[in-house]
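For reference, the structure is listed below as structure tokens.
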There are 2 protein chains.
Amino acid sequence: MRLAQGVEWGLHACVLLAVIPESAALPAGRLAEYHGVPAAYMAKNLQALSRAGIVESVPGQKGGYRLARPAGEITLLDVVEAIDGTEPSFRCNEIRRRGPAAVAAREYRAVCTIAEAMWRADERWRAELRAQTVGDLVAGLGRAVSPKAVAKTATWFQEVLP
Amino acid sequence: MRLAQGVEWGLHACVLLAVIPESAALPAGRLAEYHGVPAAYMAKNLQALSRAGIVESVPGQKGGYRLARPAGEITLLDVVEAIDGTEPSFRCNEIRRRGPAAVAAREYRAVCTIAEAMWRADERWRAELRAQTVGDLVAGLGRAVSPKAVAKTATWFQEVLP
DNA sequence: GTCCCTATACTCGGATAGCAAGTGTCCGAGTATAGGCGG
DNA sequence: CCGCCTATACTCGGACACTTGCTATCCGAGTATAGGGAC
């Protein structure tokens, strides 16, 4: 089970968008440049975030992307589901209804016990992601990233932000 | 993010192996037949379970597979990791170290905040799977599966078990 | 000097190839069994 | 009648094609900007 690569990029992009001035917008190319990833693919993932209403796009020259709502109201689950999809990781194919022990469909009222257990674990995973927001990540940034990196980022901002 | 198909089959297979007499062994072909799935692919997954020490194989004629230890000591996580692998769903590529804001490797002592959050969610998922055993599934089987299906399974057992 | 218009350059958005991993399959090595033979 | 031996048939185990979905890319539609011209 592997989460899509774009989830990592989407999360980093959201964090970066959360620390720029609220009125400014950062184009996909710049976001890709900052993270050292292919611009075209980063753009694709940003489109997914846009469709989900997490970021909003500003068209035209000097346009780009910015957060559609405060970072504290964007959960990690929002970002993950926007890029990776909402369906649970475990998909029940009801194989219990096949083979020699199969009985009439009427008999299968209770949900498959195995699927139930797997979906419960899935829900735990989602609950944890739902409990944390992009704002929390930004708040914890001070102790996690070195002052030098902060300074270089600030310099980069002055270059790309008008 | 999609869990491998084989996980579902492996779990169902373990449940079935848990309800047959302890000394008996069920070949891969029979397990596949019971669940209505391709025999060759079911065999592949059983091999993974065998490598992980969850089931043990009995070679030769009248051979097959049986649980390597009591069902109560086989967690769902054991089965999932045996088939789907043990690496976490989120893979951190350290993209923070790339691009114009990158600094010396020495500065990145703290783990990436985003990866930390994702891995914590992953651990919640694993903890939930670790808390439930194949034995628990078997215990809950009585209320989940209809008496008719139980009867048909018993009949099938009499055909395939010597 | 101010306002309006036009051309530009930049942006996003969706449609299009490439590749890796999961899915599905096959055949060979090994072993417990069943039958036959000899004592 | 009993024990041993051999041939058999069945099992698992690993190596080989194929398909789906993620990865990566490109080009067209749309818009705010910047510059120039008219008043």
**Report entry** Euclidean distance, atom CD of residue A:Glu56 to atom P of D:dA32 [Å, nearest integer]
**Finding:** 13 Å

Report task. Classify the nucleic acid contact of B:Ala40 as base, sugar-phosphate or nothing, counting any heavy atom under 4.0 Å across all strands shown. Result -> base

Interface polar pairs with nucleotides 11-13 of chain C, N/O, under 3.5 angstrom:
{"residue": "C:dT11", "atom": "O4'", "partner": "A:Gly60", "partner atom": "O", "Å": "3.2"}
{"residue": "C:dC12", "atom": "OP1", "partner": "A:Ala28", "partner atom": "N", "Å": "3.1"}
{"residue": "C:dC12", "atom": "O3'", "partner": "A:Ser57", "partner atom": "OG", "Å": "3.3"}
{"residue": "C:dG13", "atom": "OP1", "partner": "A:Ser57", "partner atom": "OG", "Å": "3.1"}
{"residue": "C:dG13", "atom": "OP2", "partner": "A:Tyr65", "partner atom": "OH", "Å": "2.9"}
{"residue": "C:dG13", "atom": "N7", "partner": "A:Gln47", "partner atom": "NE2", "Å": "3.0"}

Query raised in the report: How close or far is atom C1' of C:dA17 from atom NZ of A:Lys44, stated in whole angstroms?
Result: 12 Å

**Report entry** Rounded interatomic separation in angstrom, taking CD from A:Gln5 and C1' from D:dA24
**Finding:** 11 Å

Query raised in the report: Is the count of non-hydrogen atoms from other residues, nucleotides or ligands lying under 6.0 Å from B:Arg30 atom CZ greater than 12?
Result: no

Query raised in the report: CD of B:Glu8 versus P of C:dG24: gap in Å, rounded?
Result: 12 Å

Query raised in the report: Mind checking whether B:Tyr34 and B:Trp156 have parallel, tilted or perpendicular rings, split at 30° and 60°?
Result: tilted

Requested in this report: Would you confirm whether A:Asp84, through its side chain, and A:Glu81, through its main-chain N or O, come within 3.5 Å as a donor-acceptor pair?
Outcome: no

Requested in this report: Answer yes or no: are there more than 12 heavy-atom neighbours, outside B:Arg124 itself, under 6.0 Å from its atom CZ?
Outcome: no

**Report entry** Euclidean distance, atom CG of residue A:Leu3 to atom P of C:dG22 [Å, nearest integer]
**Finding:** 14 Å

Report summary line: Quick note, B:Trp9 side chain, CB onward, closest among D:dT25, C:dG24, C:dA21 is C:dG24

Query raised in the report: Relative to each other, are the rings of A:Phe90 and A:Trp119 parallel, tilted or perpendicular (30° and 60° limits)?
Result: perpendicular

Query raised in the report: Looking only at side chains, do B:Arg91 and A:Gln5 share a donor and an acceptor under 3.5 Å apart?
Result: no

Report summary line: Separation of D:dC22 atom C1' from A:Met1 atom CE, nearest Å, is 16 Å

Query - Protein-nucleotide distance (B:Arg91, atom CZ; C:dA20, atom C1'), rounded to Å - result: 11 Å

Query raised in the report: Whole-Å distance between C:dG22 C1' and B:Asn45 CG?
Result: 11 Å

